[in-house]
Q: 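What follows is a single structure, and I will ask about it in a moment.
Since the model is a prediction, treat every value here as computed from it, not as a measurement. Excluded from the calculations below are hydrogen atoms, water molecules and symmetry mates; all remaining heavy atoms, backbone and side chain alike, are included.
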Amino acid sequence: RDLAQTTISLAKIVKFAGNSGRRLPKGSPRLILHDLLVGSELKESIFHKIAQASIPVLHEFDARHLSNFIYAYALADCTPKFADGSTFFDIVATEAISKMNRFNSQDLSNMLWA
């Protein structure tokens, strides 16, 4: 659960830093975050490492945390790919499908919305 919450919080920071329709003043916190996280290899690396760390524990995630994870990666506009050609979304989808018989209507709605 903590990993899902951390990931969605980080994704919101990335989204916030990237949503500036105006020129940011030099040295502003938003500009610093933008330079570090938006469209950078650092962002990709961070989210890839989180994805790798989550794979061994995904079986512990309930529907809410799986949908939060999916939403976080969509919000951050990040799709980690692995050596076998699969993406993080493929792995999370496989986990969600294995638990689908335990999902209620709200769980399904959240998963589709994410």
Q: Check residues 44-53 and write down every donor-acceptor pair under 3.5 Å in which the side-chain atom is one partner and the other belongs to a residue at least two apart or another chain.
A:
unit_1, atom_1, unit_2, atom_2, d
H48, NE2, K81, O, 3.0

Q: Testing the basics here: between Y73 and T7, what is the closest heavy-atom pair and its distance to 0.1 Å?
A: CE1-CG2, 3.6 Å

Q: Applying side chain to side chain contact (heavy atoms under 4.5 Å, CB included) to F88 and C78, what does each step give before you reach the verdict?
A: CA-CA 9 Å; F88 186 57; C78 186; over 6 Å; no

Q: About how many Å separate CD1 of I70 and CZ of F89, when rounded to the nearest 0.5 Å?
A: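 It is 7.0 Å, given to the nearest 0.5 Å.
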
Q: Considering all heavy atoms of both residues, which atom of S54 and which atom of L3 are nearest to each other, and what is their separation?
A: CB-CD2, 3.5 Å

Q: If you compare all heavy atoms of L58 against all heavy atoms of K99, which two are closest, and at what distance to 0.1 Å?
A: O-NZ, 3.4 Å

Q: Which pair of non-hydrogen atoms, one from F103 and one from A96, has the smallest distance, and what is that distance?
A: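 Heavy atoms of F103 and A96 come nearest at CZ-O, 3.7 Å.
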
Q: Of all the heavy-atom pairs spanning H59 and E95, show the shortest one and how long it is.
A: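 Where H59 meets E95 most closely, the heavy atoms are CA-OE2, 3.3 Å.
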
Q: If you compare all heavy atoms of F61 against all heavy atoms of A4, which two are closest, and at what distance to 0.1 Å?
A: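 Heavy atoms only, the tightest pair is CE2-CB, 4.0 Å.
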
Q: Between F82 and I91, is a side chain to side chain contact (heavy atoms under 4.5 Å, CB included) present by the stated rule, with each step listed?
A: CA-CA 10 Å; F82 299 100; I91 295 166; 3.6 Å; yes

Q: Quick one: does K15's side chain get under 4.5 Å of D77's, heavy atoms only?
A: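 With C-beta onward as the side chain, the pair stays apart.
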
Q: Only counting residues at least two apart or in another chain, list the ones meeting side chain to side chain donor-acceptor pair (under 3.5 Å) with T94.
A: none

Q: Could you measure the distance from the OG atom of S86 to the CD1 atom of I55? Nearest 0.5 Å is fine.
A: 7.0 Å

Q: Donor-acceptor pair, T6 side chain versus D2 backbone, under 3.5 Å?
A: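 Judged by distance alone, yes, a pair lies under 3.5 Å.
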
Q: For the residue pair D62 and H65, confirm or rule out a side-chain donor-acceptor distance under 3.5 Å.
A: yes

Q: Would you find a donor on one side and an acceptor on the other, under 3.5 Å apart, between the side chain of K43 and the backbone of A76?
A: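 Yes; at least one donor-acceptor contact below 3.5 Å.
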
